[in-house]
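Written out below as C-alpha cells is the structure these notes cover.
As a basis for the values below, the full set of heavy atoms in this structure was taken, side chains included, without hydrogen atoms, waters or symmetry mates. Every chain is numbered from 1 and lettered A, B, ... according to where its sequence line falls, protein lines coming before strand lines. All of these numbers come straight from a predicted model, not from anything done at the bench.
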Amino acid sequence: LFSFLPERSNLAGVRHILLVLSGKGGVGKSTISTELALSLRHAGKKVGILDVDLCGPTIPCMFRVQDSDVHQCDSGWVPVFVDQDKSISLMSIGFLLEKPDDAVVWRGPKKNALIKQFVADVAWGDLDFLIVDTPPGTSDEHISTVEALRPYKLLGAILVTTPQAVSVGDVRRELTFCKKTGLRVLGIVENMSGFVCPHCSECTNIFSKGGGEELAKHAGVPFLGCVPLDPQLSQSLEEGRDFIQEFPKSSAFPALAHIAQQILDGASQRSS
Amino acid sequence: QVALLDIDICGPSIPKMMGLEGEQVHQSGSGWSPVYVEENLGVMSVGFLLSSPDDAVIWRGPKKNGLIKQFLRDVDWGEIDYLIVDTPPGTSDEHLSIVQYLSATHIDGAVIITTPQEVSLQDVRKEINFCHKVKLPIIGVVENMSGFICPKCKNESQIFPPTTGGAEKMCQNLNVSLLGKVPLDPQIGKSCDKGQSFLSEAPESPATLSYRSIIQRIQEYCDQQHFQEEKII
C-alpha cells in the first residue's frame, strides 16, 4: 500500500504568506486579518485566510460562513469560499466543530498535529496572499506554524498592538519571538488608536496613543499605521459585511487601505 | 489577605499593572516569596522571572504546565483569604492544568470576562462550555468595554456593539449570572500603564462603581459557598 503524496505541495500556488501576530489578546488581530484580506481583494488579489486560533476561531464568523462544512478532494481539504467569485477562501477549526459553542479543550501536542495538517493539507490552489491569523502568545501554535511554514514563501509577520503600554509590553516579546525564529517583521499596526465621537467629533484616546509607533521606532521595524476605533467597523464585521466596500468614508478606511498598500509594495519588491 | 497569580506565561501583564515592573522573586527556606504591592496583596508572575522586558517565553505546553505547578507548589503565600488566578485567553494547557492542579482543593469558581460583540461572545460560550466540562463552577460573567461616554458631549456610543444582545442575552440563554457591565474609561488604561489603582485614581468614575458592584457580588457568592460548606461540616 502506498500513501498518496500530492504531486505538488498544496502551498506551491501561494505567492506570499503572511502571519498576523500579537503578544496580547483582544487587540484586534482577527479584525485586522479580515480587513487586510478585504483590502487585498479590492486590489484585485486572490486571498486565503488560515485561522490557527484553535481555541477561539473567529474568522468564519467574520465572513458569516460559520455554518459551512469542509469537503475533501484528492489533494486534501477544500477551503471554504466566502463568495461566488472565490476571491477569498478560508480554513478554520470553526468549520470542523459539530456545534459552534463546542470548546476545543486540547493540550499542545494535539493542537500541533492539527496545525501541521492545516498547513499541508488544505488545497488552496493559486493564491496571491495567504494570511495566517494566530491566537495571542508565543507558544505551541506559533512555534508549530512557523516551523511548518518554513519551506514556503513566508513574506513575514505583521504585529498588532493597541496603543497602551500594557499591550506594547507583550508585543515586545512577540518581536523577540520573530527574531528568534528568523521571522521577518513587515511592521507594527497600532489598532484601536483613538475614537472619534460620532455626536460631536471629539477624539478620545480610550486606549492611550502612540505606543505602537514608539515600539516600531525602538525596535527598528516599519510602522504600518494607526487604525482608529470605529463602531461601524465592529458592526460590519458582526454582520459579515464588506467594510471596505461599504465604508470608504469611515475613519478606519484610509488606515486599513494604507496598510494593505504597504503589504502590496513589500510583496512586489520581494517578487522582483 | 489577597494573592494574585498570573498564569499568562507568554503575556504576563500583571507586574506592570500592579506597578511592580522590574521586581524580582526571592527564595527562602519556605519557598518563593510573592512580590507584595501592599501588606495584604501579594503577586506572582513569570514576569518577575524575566530579566528584560523584551524576553519572550517561547515554550510549548508541557513547560508552561511545569511552571504553573511550581507556582502553586513553591510559592509561600502564607494565610490568604482570596487567591485570584489570571489566565490567558483560550481553553488549553494553562486552563486544564490549573483546574487539574487545584482539584485537590476547592475552587470557588470562575469569573468570565467578555466584551459585548458576538465575535467575543462566541469564544466565551466555549469558555463556559469548558467550565462545564471540567466541572468548574461559574460565579458569573462580566461584560467589559460596555459602552463609552464621550467626555465632551456626554453622549454614549457602543464602540463594540452588542449586535446579538451582548452578555446579558448570552447569560439568560446559558443560565449564568451576569455580574455586571464595565464601561470604557480612558483612565483605566492609563492607570494600568502607570501601575496604579484605577479605583483609587478615579473613585467617581462609572467604571469604578461597576467594578465595586461586581466585586461585591463575587464576595457574596464566595461567602455563601463558605457558609454552605460550614453547614455541611
Can you say whether [X] sits under 4.5 Å from chain A via the side chain, the backbone, both, or neither, judging by heavy atoms?
X: Pro12(B); result: both
X: Lys63(B); result: neither
X: Lys190(B); result: neither
X: Asn65(B); result: side chain
X: Lys194(B); result: neither
X: Ile159(B); result: both
X: Gln158(B); result: backbone

Notebook entry, point to check: Under a 4.5 Å heavy-atom cutoff, which of Pro163(A), Pro198(A), Pro57(A) has the most pairs with chain B?
Noted result: Pro57(A)
Next item on the list: Heavy-atom pairs under 4.5 Å with chain B are the metric here; pick the option from Cys200(A), Gly108(A), Pro136(A) that has the most.
Entry: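 The option with the most such pairs is Cys200(A).
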Next item on the list: Compute whether any side-chain donor of one residue and acceptor of the other, for Asp133(A) and Ser30(A), lie under 3.5 angstrom apart.
Entry: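 Short answer, yes.
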Notebook entry, point to check: Can a donor-acceptor pair be found between the side chains of Ser103(B) and Gln100(B) at a distance below 3.5 Å?
Noted result: no
Against chain B, label [X] side chain, backbone, both or neither, depending on which of its atoms sit under 4.5 Å from a heavy atom there.
X: Asp170(A); result: side chain
X: Thr204(A); result: side chain
X: Asp101(A); result: both

Notebook entry, point to check: When you check the gap from the basic side-chain N to the acidic O, do Arg64(A) and Glu239(A) get nearer than 4.0 Å?
Noted result: no
